[in-house]
Number of protein chains: 2
Amino acid sequence: MAKRSDTGEAPPLGFVEHDHGACRAAALAHARAVCVERGLKLTETRAAVLDILLESHAALGAYEVLRRLGAARGSAPQPPIAYRALDFLVANGLAHRIERLNAYVACARPGADHAGAFMICNGCGAVAEIPGEAAAKGLSRSADALGFDIARAVVEAEGSCPACRAASPESGS
Amino acid sequence: MAKRSDTGEAPPLGFVEHDHGACRAAALAHARAVCVERGLKLTETRAAVLDILLESHAALGAYEVLRRLGAARGSAPQPPIAYRALDFLVANGLAHRIERLNAYVACARPGADHAGAFMICNGCGAVAEIPGEAAAKGLSRSADALGFDIARAVVEAEGSCPACRAASPESGS
DNA sequence: CCTAGTAATGTTATGCTGTAACGGTCAAGG
DNA sequence: CCTTGACCGTTACAGCATAACATTACTAGG
Ligand SMILES: [Zn+2]
Ligand SMILES: [Zn+2]
Ligand SMILES: [Zn+2]
Ligand SMILES: [Zn+2]
C-alpha cells in the first residue's frame, strides 16, 4: 500500500492491522492524563464505558454499551448510566458520536484537534477516524459565502473498507 | 447582501428571503414531473407529505409529519404511513434525511446531482442545502488514500444562519 | 366482466434511542 | 455538624423506527 509518512498524516486506525492491545492501553492512559490535566474525574463507570468502546474500532449503540456494562458488573444498569458516561466522554473528546448510526466510538486520535471525519464500513462495522480538515476546508468556504457560522460539522462517509471490498468484490465498480 | 451570481452556484435557499410560495409550487411540480418520467406514482399520501415538508425549509421529525398529516386528513394515521412516504421521497431525491436531527427536509435543489451537504441553523431550525462537491472532493481524496469505497457521504454543519447571528450576536467571535 | 397479481395503504404490536425527574451516596469545605 | 456539588441509581416516560399482517385499489390478461 501507499506510504503514509509522505503527507505527515496520522495512520488511519480502524481499517489497518495494528497492535490493538497497545492502541487500547494508550487510549486509556491518554484519557487518564487528560482528566488529571483538566481536573476531571475518570470514574469507574466512565473508564468502564471507555474500555468497552475501546474493545474494537466499531461503533456501539448506547444500549449495547449498557448490556456490556451490565455483563462486566453483574448488575443491570439503567439507560441514564450509559448515557451520562457517554456524554462525558464525548464532551471531553475521548469518544465520538456517529450520527449516521446513532452510536458511539472511542476516539482513535488522542489529543488531536477533534474536528474529525469518519469512514464507516457497512460490511464489518469498522469506523476510521480521519482529520476533518480536508472536508472542513471546502465546507467553511461555502459557509463563509452564505454568512453561516459553523459550530460543529458532521462528516461521515459510509461504504466499504479495503478488507470488505476484497472479500466481496461483486459490489465494486 | 453579497451578490450570488459571481460564483455560478445555485442560490442557497433556506437562509435567504425568497418567494417561497413559488418555491413550493415549483418543487411540487418538479416532483410530479420526476414521477411521470420514471414511472413512479406520486400518490395522495406522498404528495401530502412532500407538501408538508415544503411548508418551510426546516427539517421535520417523522412524528411531526405524521401529526400534520393527521390534521390535514382528519384521521390519525400510524407511523408506517409517514415512514413509507418519507422513504419514497428520500429514495427518489425529493427529500433528504438529516441524520443529525433524525428528521426530514424537502429537497431544495430539484434535479441536482444529490450528493448534497446541509447547513442547519440551531437558532431558527432552517436548513440550507448546498452542493456537496466542496466537501466531497477532500473526502474522496482521503478515501482513496485509505482504499475506502464511499457509497454515501453525510455532510451536515450545525451553527447559526445570518439572520440568527444578527439577532443574537453574543455568541459570535 | 371476472380474476389474479402487484403496489400501496391501514393496523397492530413491538423494539430501539434518549431524557426528565427525583432520591441516595460520598467527598470537600465552612 | 451541615451544606454544597458531583456522581450514581432508579423510575417512568417520550421520541424514533420497523416487523408483520390485513385490506384496498389499480392493472393486465382471460
Ligand atoms: Zn486499535
Ligand atoms: Zn469492512
Ligand atoms: Zn423556499
Ligand atoms: Zn437561523
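Here is how names work: the chains are called A, B, and so on, in the same order as the sequence lines, proteins then strands, and each is numbered from 1.
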Participant: If you check the B:Lys41 side chain, which of D:dC16, C:dG18, C:dA8 turns out closest?
Facilitator: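 My answer, after comparing the listed nucleotides, is C:dA8.
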Participant: Could you state the interatomic distance from CD1 (B:Ile52) to CG (B:Leu60), rounded to the nearest 0.5 Å?
Facilitator: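 Going from the CD1 atom of B:Ile52 to the CG atom of B:Leu60 covers 8.0 Å.
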Participant: When every nucleotide of nucleotides 9-16 of chain C is labelled 5' to 3' by its protein contacts under 4.0 Å (heavy atoms), B for base, S for sugar-phosphate only, - for none, what sequence of letters results?
Facilitator: BBBB----
Participant: Tell me if a side-chain donor or acceptor on B:Asn92 pairs with a main-chain N or O of B:Phe88 at a distance below 3.5 Å.
Facilitator: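 A pair under 3.5 Å: yes.
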Participant: If I take atom CG in residue A:Leu89 and atom C1' in nucleotide D:dC7, what distance separates them, rounded to the nearest angstrom?
Facilitator: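 Answer to the nearest Å: 14 Å.
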Participant: Looking at B:Glu133, I want to see if its CD is surrounded by more than 12 non-hydrogen atoms of other residues, nucleotides or ligands under 6.0 Å.
Facilitator: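 Result for CD/B:Glu133: open.
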Participant: For A:Glu64 and B:Phe88, take the nucleotide of DNA chain C holding the closest heavy atom to each; which residue's nucleotide lies nearer the 5' end?
Facilitator: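 Final value for this comparison: B:Phe88.
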Participant: Can you list the other members of the hydrophobic cluster that holds A:Ile98, where links are side-chain heavy atoms under 4.5 angstrom apart?
Facilitator: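 Besides A:Ile98, the cluster holds A:Leu101, A:Val105, A:Phe118, A:Ile120, A:Val127.
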Participant: Using the side chain to side chain donor-acceptor pair (under 3.5 Å) criterion, which residues pair with B:Asn102? Sequence neighbours excluded.
Facilitator: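 Checked B:Asn102 against side chain to side chain donor-acceptor pair (under 3.5 Å); matches are B:Arg97.
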Participant: What is the distance, rounded to the nearest whole Å, between atom CG of A:Leu101 and atom C1' of D:dC16?
Facilitator: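 Going from CG in A:Leu101 over to C1' in D:dC16 covers 15 Å.
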Participant: Roughly, in whole Å, what's the span from CG in A:Leu42 to P in D:dC7?
Facilitator: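 From A:Leu42 CG to D:dC7 P: 11 Å.
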Participant: So which atom in A:Ile150 and which in A:Ser140 form the shortest heavy-atom distance, rounded to 0.1 Å?
Facilitator: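 Heavy atoms only, the tightest pair is CD1-CA, 4.2 Å.
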Participant: Round to a whole Å and report the spacing from CZ of B:Arg100 to P of D:dC16.
Facilitator: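 Going from B:Arg100 (CZ) to D:dC16 (P), I get 14 Å.
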Participant: Rounded to whole angstrom units, what separation is found between the OH atom of B:Tyr83 and the P atom of D:dA19?
Facilitator: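 The distance from OH of B:Tyr83 to P of D:dA19 comes to 12 Å, rounded to the nearest Å.
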Participant: From CG of B:Leu40 over to P of D:dC26, roughly how many Å is that when rounded to an integer?
Facilitator: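 To the nearest whole Å, that distance equals 17 Å.
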